[in-house]
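Working notes, beginning with the structure itself.
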Amino acid sequence: MLENVNSVSDLKKLTIKELPVLAGEIRDFLITSISETGGHLASNLGVVELTIALHYCFDSPVDKIVWDVGHQSYVHKILTGRRDKFDTLRKYKGLSGFPKTSESPHDIVDTGHSSTSISAALGLATARDLSGEKHSVLAVIGDGSMTGGLAFEGINHAGRLDTNLIVILNDNQMSISENVGALSKHLNRLRTAPSYSVAKENVHRFLKRLPIFGEALGEMTLRTKDAIKYLLIPNTMFDEYGFNYIGPFDGHNLPQLIDVLKRVKKMKGPILLHVYTKKGKGYPLAERSPENYHGIEPYDIESGRPIKVKVWNTYSDVFGKTLLQMARDNDKIVAITAAMPSGVGLTPFAAEFPSRVFDVGIAEGHAVTFAAGLARAGYVPVFAVYSTFLQRGYDQILHDIALPKLHAVFAVDRAGIVGGDGETHQGLYDVSFLCGIPNMTVLAPKNKNELIDMMKFAADFDAPIAIRYPKGAVSSVYKEVRSPIVFGKSETLEQGRDILIIFAGDMGETAAYVYEQLSRGGYEPTLVNARFMKPIDTDLVDSLADYKYVFVLESVVETGGLANSILFQANKRNTLNKEVVFMAFNFPDTFVAQGGRPEILREYGLDEKAILGKILKAVGDEK
Ligand SMILES: Cc1ncc(C[n+]2csc(CCOP(=O)(O)OP(=O)(O)O)c2C)c(N)n1
């Protein structure tokens with residue numbers, strides 16, 4: 001059946017009875033296809049029926065379906081004519097793992113970060129009203145994403161605007177890990193009291209029928225009616241915010257879903273439709289441990305195991321183990337995560353010190369200000385967060401941490417190129433936005449030992465400090481060199497003359513390769529590990545006067561990066577040799593698309609060979 005469904009109009013030709021068969025075929029397709037490409041398996045398996053029902057009842061793209069985060073949009077992509085591109089999913093120049101407006105008119109917004117759907121949909125609904133159009137606007141948001149403050153801001157605004165907006169809450173009790181917080185408990189109460197909506201209907205009917213409450217009695221009666229309703233129906237938080245709460249419904253029961261959606265489509269005002277689904281549905285391994293199959297590398301279908309052997313010694317692992325050891329000696333150290341305890345390596349810490357690890361939900365801004373409170377009271381909060389998601393906490397870092405110069409540590413994971421998740425997830429902007437904040441110190445380790453040393457340095461530092469490190473396996477470049485971390489000082493790994501190579505963090509391996517090749521070619525370059533992205537080592541800046549060539553390698557965007565700061569400082573201190581050739585190897589001021597790290601580096605001329613080639617060309621006459 002799936003073979004013949006290449007558009008939403010093909011889907012609409014099927015009878016309701018046929019749809020469960022289609023759902024089964026889509027599940028088989030997802031399990032097989034993602035086993036080859038990797039991707040967000042469990043979340044997509046959970047929304048098969050919901051997505052079918054949505055496209056069956058609404059007319060996309062005239063009706064706008066906005067997917068929160070967008071990691072669960074694979075079924076939507078299949079039903080909107082992109083099934084044949086799934087072998088390229090998340091690959092270089094391939095099908096995106098998230099909605100992309102450039103990919104299809106059915107993708108309404110470009111997403112990847114959480115909790116944006118309600119605000120975006122409300123904007124679209126308001127624009128519709130202003131233009132006198134009539135289509136439906138829907139936001140599909142998971143219970144995990146509903147823990148983000150932005151979602152509440154959207155709900156708060158929508159409740160007041162009172163426009164026609166349908167929010168579908170896909171409640172599977174999971175974020176990436178188990179969902180946390182009071183909202184999760186509230187949803188659980190609603191889920192386990194399915195008589196709720198029946199009770200609501202009955203009360204409405206009952207009140208309507210009572211003669212004493214006839215319309216003729218006016219305002220007073222309506223208010224009394226409301227008061228009675230309030231007493232008889234346990235209001236959900238969504239009702240309190242001005243939404244009409246409907247549910248909960250089984251998100252895998254297609255005929256029921258279709259019936260409900262058809263009714264919801266005709267309703268006025270902001271509606272919240274609560275459906276409960278099973279994350280990983282139809283693949284028993286994913287049903288049992290959805291966290292392991294949230295985002296997965298290519299895997300063997302039978303055993304569920306990743307095909308490539310998992311790298312254990314990642315920067316996240318080293319961070320987690322080191323922090324645990326430090327926490328054993330210092331009971332003031334506490335750890336914070338925004339819904340990603342395992343991703344950032346905090347699982348061992350949480351196992352040993354459950355009361356000292358705080359999963360705040362998908363709430364990075366809150367996490368930072370929460371850390372500020374802890375720091376004020378003498379604790380040493382360590383917020384472990386992916387570079388891209390720390391963007392959410394910018395003002396909180398500036399206003400709540402840096403201004404009062406509080407001692408909080410930011411462990412900025414996934415800094416640099418991240419791969420298949422693409423534009424929305426690249427960790428290329430943290431240096432630019434962190435270094436612009438007064439009182440902030442920013443470090444980047446070249447290898448595993450340096451991460452450990454920097455963490456110890458940060459724990460004793462007594463001011464705001466961030467350590468940025470990349471995704472994946474630790475580097476062992478220059479592992480035999482281990483010099484103490486000194487505030488604002490770089491590390492000279494090789495002393496030469498004429499040519500100065502400065503690198504930051506994960507560009508260490510490339511820099512070491514370039515150094516080696518140049519040395520073999522008879523050059524004598526100096527090789528410096530910047531260590532501090534902020535403050536810039538002024539001795540290093542002053543040494544620039546001694547060189548004819550300066551090359552800076554870093555995995556950040558050029559605007560506000562290391563090269564930028566070095567040049568600026570050199571200009572300020574007047575230490576730049578007038579004839580110097582200064583070249584920065586970093587990313588241009590752009591958004592970098594999905595792909596493997598090697599492919600992306602090649603595209604931007606940042607792979608070893610390209611960098612060496614450009615440097616050789618520059619220094620060509622020197623030898
Ligand atoms: C701002 C932000 N922080 C963290 C993430 C990482 N992240 C991606 S999906 C996800 C969980 C989402 O849970 P939910 O909305 O319930 O969707 P489910 O996968 O359970 O269907 C998280 C934390 C993100 N995408 N955006």
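Counting starts at 1 for both ligands and their atoms, in listed order.
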Any heavy atom of Asn172 under 4.0 Å from ligand 1? The part involved is side chain
Taking heavy atoms and a distance under 4.0 Å, where does Val69 meet ligand 1: side chain, backbone, both or neither?
side chain
Candidates Gln391, Met146, His71; heavy atom nearest atom 19 (O) of ligand 1 found on His71
Face-on cation placement of Lys265 at Phe58 ring, 6.0 Å and 45° thresholds:
yes
Compute the shortest N/O to N/O distance between His113 and ligand 1 and return yes if it is under 3.5 Å, no if not.
no
Tyr245 and His274: aromatic ring centres closer than 6.0 Å?
yes
Do Phe389 and ligand 1 have an N or O pair less than 3.5 Å apart?
no
Applying a strict 4.0 Å limit to heavy atoms, is Gln72 in contact with ligand 1?
no
Taking the six-membered ring for Trp and the full ring for Phe, Tyr or His, determine whether the centres of His425 and Phe389 are under 6.0 Å apart.
yes
Can you check which of Ser145, Gly46, Gly393 brings a heavy atom nearest to atom 12 (C) of ligand 1?
Ser145
Can you tell which part of His40 has a heavy atom less than 4.0 Å from ligand 1: side chain, backbone, both or neither?
neither
Output yes when the distance from some N or O of ligand 1 to some N or O of Gly112 is under 3.5 Å, and no in every other case.
yes
